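Here the structure is a predicted model, which means the values were calculated and not measured. First the proteins, then the strands, lettered A, B, ... as listed; each starts at 1.
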Amino acid sequence: MRVTETEMTKALRDWYDRYARTMPWRTGPAEKLAGTRPDPYSVWLSEVMLQQTTVAAVKKYHDRFVALWPSVADLAAAEDSEVMAEWAGLGYYARARNLLKCARAVVADHGGRFPDTHDALIALPGIGPYTAAAIAAIAFDRAETVVDGNVERVMSRLFDVATPLPAAKPELTAHAARLTPRDRPGDHAQAVMDLGATICTPRNPACGICPLRDPCLARQRGTQGERPVKAPKKAKPQRRGYAYVGRRADGAWLMETRPDKGLLGGMLGFPGSDWTQAPEPAPPAPADWREAGEAVHVFTHFALTLTVMVAELPPTNPERGHFVAAEAFRPAALPTLMRKVHDVATPHLAVERPGAAG
DNA sequence: TACACGTGGGT
DNA sequence: TACCCAAGTGT
């Protein structure tokens with residue numbers, strides 16, 4: 001018995017109606033029944049945060065952003081540094097810079113309302129093919145085909161596609177497009193992604209309880225563990241460098257706002273070397289610098305070990321960076337690498353906390 | 001097309 | 001432990 005595309009789509013939708021995950025940016029059953037669409041601002045925020053990022057990590061950040069900035073106009077009016085500080089720890093900081101650009105473009109060019117078409121959405125900063133389709137489908141219920149890593153995996157198994165990614169992408173997109181219904185395309189998009197996240201997982205997929213187990217070609221052929229096929233990864237180079245953590249007698253920290261381009265762009269950090277060959281660089285201020293330890297961190301494409309130098313600094317202006325008052329300094333506003341540097345340095349710094357007795 | 005771009009959790 | 005991976009985008 002052949003299972004048609006329409007039947008696959010229906011099986012998936014029925015499954016989603018029973019097992020859809022609850023998310024802060026999704027509407028609940030009662031709102032859905034009343035025909036309420038999700039807030040495009042909330043959907044956009046979640047989709048940008050979800051780019052290469054787990055749902056568990058995103059929930060906290062999404063809710064915090066919505067609480068601080070309830071509308072796209074509020075976000076557009078925010079200080080860059082505040083938004084970057086709130087994004088700290090989530091990674092891929094270009095997303096935060098583009099988030100602000102996008103918010104300001106929505107206010108300046110679209111009257112503060114998100115456009116509801118794929119073409120208008122993809123023209124905005126930080127919105128690519130996936131996110132444009134996702135917002136159009138989820139927020140505006142347009143019949144767009146959403147293709148993320150989940151969809152690629154589900155399609156590669158459902159149709160047993162042996163072509164390696166990323167070359168297989170057009171083929172997988174075509175399969176996904178044929179399954180996209182005119183009715184409730186937003187729910188369909190989220191259904192495929194939920195299926196990929198909870199049933200059709202990368203390892204040990206739960207084929208026994210999958211709504212698509214009958215038509216799934218990989219399941220029939222036993223190849224589900226080999227799908228999708230991916231290009232081999234490259235080895236990670238090891239890099240080294242230095243970071244300088246200096247404090248003034250009043251507790252102020254010597255910090256540097258990193259340039260917008262490049263790694264950790266736009267984020268607050270400690271001055272240091274570039275992370276290439278790493279001869280010990282000139283310190284950012286003259287002082288009695290001493291070694292406190294090492295901070296180890298692994299990025300997507302290289303591993304980094306920073307030698308952490310510490311010193312108490314004179315009140316004179318530094319050659320690099322600027323002082324951040326102790327009261328304004330929050331380790332949580334730093335990218336994770338810099339928070340590790342901070343944690344290595346702190347026990348070695350003999351600066352009294354402002355206001356501390358003695 | 002290929003690479004730069006973060007981070008934390010799972011196995 | 002070491003590797004894999006997550007609702008990708010920009011260049």
(request) Kindly state each residue pair satisfying salt bridge (Lys or Arg N to Asp or Glu O under 4.0 Å) with at least one member in residues 49-60 of chain A, sequence neighbours excluded. (result) none
(message) Please enumerate all residues that pass salt bridge (charged side-chain N to carboxylate O under 4.0 Å, His left out) together with A/Glu86, with sequence neighbours excluded.
(response) A/Arg64, A/Arg330
(message) Once you measure the plane-to-plane angle for A/Trp44 and A/Tyr41, does it fall in the parallel (<30°), tilted (30-60°) or perpendicular (>60°) bin?
(response) tilted
(request) Using only side-chain N and O atoms of A/Gln52, determine if any of them is under 4.0 Å from OP1 or OP2 of C/dG8. (result) yes
(request) For B/dG6 and C/dT11, measure between their P atoms and round to the nearest Å. (result) 14 Å
(request) Could you list by number each residue of residues 16-25 of chain A showing a heavy-atom separation from DNA chain B of less than 4.0 Å, or answer none if no residue does? (result) none
(request) Tell me which nucleotide among C/dA7, C/dC5, C/dT11 gets nearest to the side chain of A/Pro202. (result) C/dC5
(message) Checking A/Arg227 now: which residues fulfil salt bridge (charged side-chain N to carboxylate O under 4.0 Å, His left out) with it, not counting sequence neighbours?
(response) A/Asp160
(request) Could you check whether A/Val55 gets within reach of a base, just the sugar-phosphate, or nothing at all, counting any heavy atom under 4.0 Å? (result) base
(request) Go through the structure and list residues passing salt bridge (charged side-chain N to carboxylate O under 4.0 Å, His left out) with A/Glu294, not counting sequence neighbours. (result) A/Arg240
(request) Kindly state each residue pair satisfying ring-ring contact (aromatic ring centres under 6.0 Å, His included) with at least one member in residues 134-182 of chain A, sequence neighbours excluded. (result) A/Phe159-A/His175
(message) For a quick check under 3.5 Å, do A/Thr305 and A/Gln238 share a side-chain donor-acceptor pair by atom type?
(response) yes
(message) Applying salt bridge (Lys or Arg N to Asp or Glu O under 4.0 Å) as the test, list every pair that has at least one member in residues 45-57 of chain A; sequence neighbours left out.
(response) none
(message) Please confirm whether the shortest side-chain N or O distance from A/Thr131 to OP1 or OP2 of C/dT9 is below 4.0 Å.
(response) yes
(request) Tell me, please, which residues at least two apart from A/Glu144 pass salt bridge (charged side-chain N to carboxylate O under 4.0 Å, His left out). (result) none
(request) Find the distance A/Met49:CE to C/dT9:P and express it as a whole number of Å. (result) 16 Å
(message) Heavy atoms within less than 4.0 Å of DNA chain B: which residues of residues 293-307 of chain A have one? Give them sorted by number.
(response) A/His297, A/Val298, A/Phe299, A/Thr300, A/His301
(request) Check the distance between C/dC5's P and A/Asn204's CG and give it to me in whole angstrom. (result) 13 Å
(request) Answer yes when A/Asp116 and A/Arg142 have at least one side-chain N-carboxylate O distance shorter than 4.0 Å, and no when they do not. (result) yes
Let me have the donor-acceptor pairs involving side chains of residues 73-83 of chain A, under 3.5 Å, with sequence neighbours excluded, atom names and distances please.
unit_1  : atom_1 : unit_2   : atom_2 : d
A/Asp74 : OD2    : A/Ser71  : N      : 3.1
A/Asp74 : OD2    : A/Ser71  : OG     : 3.0
A/Asp80 : OD1    : A/Arg104 : NH1    : 3.1
A/Asp80 : OD1    : A/Arg104 : NH2    : 3.0

(message) What residues from residues 151-184 of chain A pass a heavy-atom cutoff of under 4.0 Å to DNA chain C?
(response) A/Arg153
(request) For A/Arg153 and A/Asn150, test the side chains for any donor-to-acceptor distance below 3.5 angstrom and give the result as yes or no. (result) yes
(message) I need the minimum non-hydrogen distance between A/Trp275 and A/Gly241, along with the two atoms involved.
(response) CD1-CA, 4.3 Å
(message) Distance under 4.0 Å to a non-hydrogen atom of chain A counts as contact; along DNA chain B, which nucleotides mark the start and end?
(response) B/dC3 to B/dG8
(message) I'd like the P distance from C/dA7 over to B/dG10, given in whole Å.
(response) 14 Å
(request) Determine: side-chain N/O of A/Lys233 to OP1/OP2 of C/dC5, distance under 4.0 Å, yes or no. (result) yes
